[in-house]
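Just so we're on the same page: letters track the sequence lines, and every chain starts at 1. These numbers were taken from a predicted model, which means no experiment stands behind them.
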Amino acid sequence: MTAWFVIAVFVGVYFLLATERVHRVAAALGGAIIVLITGVMSTDDAFFSRETGVAWDVLALLLAMMVIVGVLRPTGVFEYLAIWAVKRGRGQPYRVMVLLLLVTAVTSALLDNVTTVVLIAPVTLLVCDRIGLKPAPILIAEVLASNIGGAATLVGDPPNIIIASKAGLTFNDFLVHMGPIIVVILAFFIFLSRWLFRSALSTATGTTEDLDELDEKAAISDPVLLRRSLVVLALVLIGFVGHGVFHTEPAVVAMGGAALMVLITRAGPTSYLEAVEWETLAFFAGIFIVIGALVKTGVINTLADEVVKATGGNVAATLVTVLIASAIISAFVDNIPYVVAMTPLVAELIAQTPALAANDGVWWSLALGADLGGNATAVGASANIVVIGLARQYGYPITFREFAKYGVPVALGSILLCVPYVLLRYA
Amino acid sequence: MLLRVGARPDLDNLDAMRARDLVETAPTVTLDDSVADALQLMKGGAPGVVVVDAEGAAVTVLAATQVLGLALPGYLHGQPGLVRAWDEAHADRFAATTQTLTVGQALGERRPPMSVVNDDDTLIEVAFAMCEQHAPLLAVVKGGVVVGAIRLRVLLETLLPGDGQTA
């Protein structure tokens, strides 16, 4: 009975998230409060348990990366990079777009996708204004690139951070296992974009001079802070990559980086804390508790049993099922609560099917499906929703249909490329 | 726009003065007016404008600097790095589109909340509202309906009559 009650709470929370009838923080915290007040979860379960409670390392890593961005952003470095890149396009629309996509994808591998698209959107609009491109398709292309690029690293996409925490995967694990396929998918996307965005690219009227006159160096407001920040960022990356040597968890590395950033900036807490998305952190905390209730009441165990029965414990079937199911579900609902729910289920799958433990393949299938499936629709990823909002705000509304026109082929192509990858490498 | 002409201040009765005593005709533009028209009002010395819709209902109140902001491309707002990167050749021409751009288009979804006071607010409440909302022009409402506006200059003239002495 308790299990059914918790399932009802979970379904209710997911319904509220999907329909946006209430703010997502209210939905997540509301669900958490319900399972706490009704005694399904104790405070120990919710706040001190590795299996059922809030993943504090995930929250710490997210918070720290937000502070790092909060210090780095006012230096103008992102505007510098984007303008520097588009000037290399020499006013040719496709080249300019490709350069923007590459900047977006690489930035997204280091920062979260939402931050990346928020940073790149104004520059994109400026460029489109100058050379006469329609902004909406270019913004869509960038968010697709952001979701692809963000899948490459542990810190590039929140689902990856969650999976890494649960599975004990390192930054280098993501580079080695996700990096190669993401590079292939990005190349596929850039190749496809020439045809996919051909109508948008044909409207360009501008010339090289319209972009050459922009002065990217002037975008830098504080060269001293920028240099110091880049040193700190490099140290953070070294810390991530050097996990095997330093034996320091990514959250600790990121927090150290954030502390250094705060030390070197002259800006007060109001400035860098403004970049912290407190509602995102509160949302995560609530979702962890709701999913923890599913774990505690055995719902996850039961689901894992059913999956094992359905796949017969076959590794290949499990990998492909997790990949495709994750992609389809992530296309329509927020992939964060989905991944939070799936990580204990995948852990249980591995416990029941020892063959799956051989090479972490099922974790990579989950990451690829959840990260890339979100490209299919306007609601599939937080970055998509943010870009839709920005585009509307600036007077270039994007419909669900228009987004899907570009997103579905990209998502489909990406997942089709992932299938042989996971089978060849992990089955 | 409704007109209310305020009475000249009676220094002995400043304590009794309310917002309604300082109300004047508000400079207005409609959502369909061009940004250039709104800027012309600013050139004439208006501290701001009340933006009204086709039915004459107030939509928002914009200070002069906010009207100037309508001339800037929307994507530059909050982007000091991009503004610094903007080249000289285009910098002098950024206002060229204001002739064809309407106030409604420029505002888009970024309509600031209306800077208002109630008609029975005291002078200190009016002053506080101007400071807190950074608004040199406040719309005055009575029963939810805008009945006029108060300019910063009028408030100061009331608080600091001709000889510069405070009341």
Audit row: A/N384, A/N147, side-chain hydrogen bond (donor to acceptor under 3.5 Å, both in side chains) steps and yes/no = CA-CA 9 Å; A/N384 303 1; A/N147 289 327; 2.9 Å; yes
B/S34 and B/D37: side-chain hydrogen bond (donor to acceptor under 3.5 Å, both in side chains), yes or no, with the steps?
-> CA-CA 5 Å; B/S34 70; B/D37 289 340; 3.3 Å; yes
What do the steps show when you test A/S108 against A/N113 for side-chain hydrogen bond (donor to acceptor under 3.5 Å, both in side chains), and what is the final call?
-> CA-CA 5 Å; A/S108 200; A/N113 301 345; 2.5 Å; yes
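For A/R21, the CZ atom sits in a loose shell: 12 or fewer heavy atoms of surrounding residues, nucleotides or ligands are nearer than 6.0 Å. Taking a 6.0 Å sphere around CD1 of B/I124, one finds it holds 12 or fewer heavy atoms contributed by other residues, nucleotides or ligands. Heavy atoms from other residues, nucleotides or ligands lying under 6.0 Å from CD of A/E274 number 12 at most.
Residues of residues 65-82 of chain B lying within less than 4.5 angstrom of chain A, judged on heavy atoms, are B/G74, B/Y75, B/Q79, B/G81, B/L82 in numerical order.
For the options A/P122, A/G76, A/S221, heavy-atom pairs under 4.5 Å to chain B are most numerous at A/P122. Chain B forms more heavy-atom pairs under 4.5 Å with one residue of A/P74, A/A218, A/G395 than with any other, namely A/A218. For chain B, the option among A/I83, A/V77, A/D129 with the highest count of heavy-atom pairs below 4.5 Å is A/D129.
With a threshold of 4.5 angstrom between heavy atoms, A/L125 approaches chain B through its backbone and through its side chain. Only the backbone of A/I220 comes within contact range of chain B, with at least one heavy atom under 4.5 Å from a heavy atom of that chain.
When all heavy atoms of B/V61 and B/L137 are compared, the pair lying nearest together is CG1-O, 3.5 Å.
Each of A/T265, A/V262, A/L62 was checked for a side chain to side chain contact (heavy atoms under 4.5 Å, CB included) with A/V67, and the lone residue meeting it is A/V262.
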